[in-house]
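See structure below.
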Amino acid sequence: MAADFDTRVRGLADDRREALVRWRRDLHRHPELGFEEHRTAAIVESHLRELDLEVHTGIAGTGLIGVLRPAGSDEPAVLLRADMDALPIQEVSGRDYGSTIEGRMHACGHDGHTAMLLGAAEVLCEMRDALSRPVVFCFQPAEEGLGGGRRMVEEGVLDIVPVGAVYGLHLWSLEPAGRILVRPGAFMAAVDSFQARIVGRGGHGALPHESRDPIVAAAQCVTALQTIVSRTIDPVQPAVVTVGELHAGTATNIIPDDARMTGTLRSFDDRVRQTLRTRVRELLEATAAGAGCRAEVTIHEGYPAVINSTEAARIAREAATMTVGEDSVSEPPPIAASEDFSYFLRERPGAFLFLGAGNEELGITAPHHSPEFDIDESVLPRGSEMLARLALHAECPR
Ligand SMILES: [Zn+2]
Ligand SMILES: [Zn+2]
């Protein structure tokens with residue numbers, strides 16, 4: 001069965017080359033922001049219904065799934081996820097498939113993700129005899145900062161059909177087209193942020209003894225925060241504390257009432273993440289108090305770290321090797337960007353991987369979230385093939 005699948009899946013994916021480019025370009029011309037993916041979701045829904053899949057809509061607003069059930073299987077399903085949202089960016093002009101919507105652009109490749117997963121659905125529908133478990137094709141809204149993945153999980157996307165394993169694939173323009181990157185364990189960072197208002201008492205710059213100077217307190221706070229990573233975190237654990245904003249004052253001779261700062265926290269381990277949050281609050285409050293001021297601190301919880309299971313990463317690596325060959329598969333170091341597929345990975349074993357989509361010869365080198373971002377569309381069939389192979393090879397613990 002496996003050998004037959006391997007030859008057929010490649011051919012079926014390649015047969016969809018033109019359709020994949022057509023779908024991707026159509027979505028690229030009509031980008032929609034998070035939770036507003038109405039047109040995109042309608043297109044996806046009609047494709048899934050044409051394939052005669054069981055369709056569930058309205059999950060996390062504009063999210064939806066299609067379920068492919070092989071006859072007689074009572075195995076847990078494997079879920080394959082694509083995100084559908086675009087970004088508030090003005091695309092560079094001059095592309096015939098460029099965005100038609102002012103200030104909106106698919107600058108992260110999610111148009112390609114949606115197209116590739118539709119392609120995988122078509123491939124697997126033609127190969128349903130080779131499947132031993134259901135496949136959930138999951139189209140997620142609002143990955144870019146709004147936590148659509150979290151909402152889908154909270155609204156039960158993993159239980160509509162019991163899901164045993166989850167996989168996600170992200171195009172990556174900073175790697176050459178056709179390379180697949182997968183690693184076990186921590187892959188992408190957890191992200192949190194903080195806001196602080198240091199409250200003092202304003203007054204005349206020449207009479208500091210009559211005031212509580214929030215600027216001096218804020219300066220001490222910035223310095224104190226630098227000791228978290230250097231003195232509190234295990235040196236073999238990566239962590240970042242960055243103060244990104246500091247605002248205070250209006251004139252040379254006025255001590256202001258308050259100072260404001262914001263910053264970002266990055267980590268890969270839950271305990272480190274919790275320590276960062278706790279120590280930021282403690283140090284800001286204590287340092288401000290030591291300077292006679294008061295700190296009002298708010299910690300904003302962002303996405304958790306993307307942690308791939310060892311077994312799923314091994315399965316993904318095997319599938320990747322069959323898809324692009326051993327020389328084009330590598331294990332990358334963790335990266336400090338973040339992804340809300342992490343919410344799926346918190347609930348089920350699985351893996352998130354990158355498919356290289358850059359091409360220097362074609363001038364496709366711009367990073368994600370850039371107005372010049374693009375992908376080498378020749379990788380789209382490989383993405384569909386990879387997703388289809390994951391569905392066949394995924395092992396789902398009960
Ligand atoms: Zn992005
Ligand atoms: Zn993305």
Side-chain angles (χ1 to χ4, degrees), residues 23-24 27-28 30-37 40-41 44 60 62-63 79-92 99 101 103-118 120 138-153 166-175 177 179-183 187-191 193 264 266 302-308 332 334-345 350-358 364-377 379-380 383-384 386-387:
W23 295 335
R24 183 260 167 169
L27 296 173
H28 196 85
H30 303 95
E32 296 172 301
L33 296 183
F35 295 126
E36 297 172 6
E37 305 94 334
T40 307
V44 168
T62 40
L79 178 143
L80 306 174
R81 172 273 210 169
D83 40 12
M84 304 187 289
D85 57 322
L87 285 156
I89 293 175
Q90 179 65 41
E91 185 164 10
V92 289
S99 171
I101 300 173
R104 303 275 185 274
M105 178 188 174
H106 267 294
C108 201
H110 300 184
D111 47 349
H113 302 170
T114 302
M116 291 190 298
L117 189 56
L118 287 173
C138 175
F139 294 87
Q140 181 205 304
E143 190 284 325
E144 298 287 0
L146 297 174
R150 177 183 196 155
R151 259 186 74 186
M152 282 200 110
V153 170
V166 295
Y167 289 93
L169 182 66
H170 205 300
L171 292 164
W172 200 244
S173 66
L174 301 180
E175 282 287 323
R179 290 195 67 81
I180 293 179
L181 278 58
V182 56
R183 64 171 285 121
F187 182 27
M188 299 176 78
V191 178
S193 62
T264 189
R266 308 279 164 132
Y303 298 163
V306 170
I307 311 285
N308 290 336
I335 66 166
S338 65
E339 238 289 345
D340 77 350
F341 189 65
S342 49
Y343 291 103
F344 293 83
L345 289 169
F352 192 63
L353 30 146
F354 283 178
L355 171 62
I364 300 170
T365 55
H368 292 247
H369 295 201
S370 141
E372 294 179 28
F373 174 81
D374 204 354
I375 57 165
D376 179 351
E377 292 170 322
V379 305
L380 294 173
S384 293
M386 180 66 196
L387 289 163

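Heads up: numbering here begins at 1 and tracks the sequence. Just so you know, ligand 1 is whichever comes first in the structure, and atom 1 is the first atom listed for that ligand.
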**Request:** Verify the distance test for Glu144 against the Zn ion (ligand 1): any N/O/S atom under 2.8 Å, yes or no.
**Result:** yes
**Request:** Decide, yes or no, whether a salt bridge links Asp376 with Arg24 under the criterion of side-chain N to carboxylate O below 4.0 Å.
**Result:** no
**Request:** Please note down the angle at the Zn ion (ligand 1) between NE2 of His369 and SG of Cys108, to the nearest 10°.
**Result:** 110°
**Asked** With the threshold set at 4.0 Å, does a side-chain nitrogen-carboxylate oxygen contact exist between Glu339 and Arg81?
**Response** yes
**Message:** For Phe187 and Phe354, I'd like to know if the aromatic rings sit close, meaning centre-to-centre distance below 6.0 Å.
**Reply:** yes
**Item:** Under 2.8 Å: N/O/S of His170 next to the Zn ion (ligand 2)
**Value:** yes
**Message:** When you measure from the Zn ion (ligand 2) to the N, O or S atoms of His113, does any of those distances fall below 2.8 Å?
**Reply:** no
**Message:** Can you give me the closest heavy-atom contact between Thr62 and Phe35, atom names plus distance?
**Reply:** OG1-CA, 3.7 Å
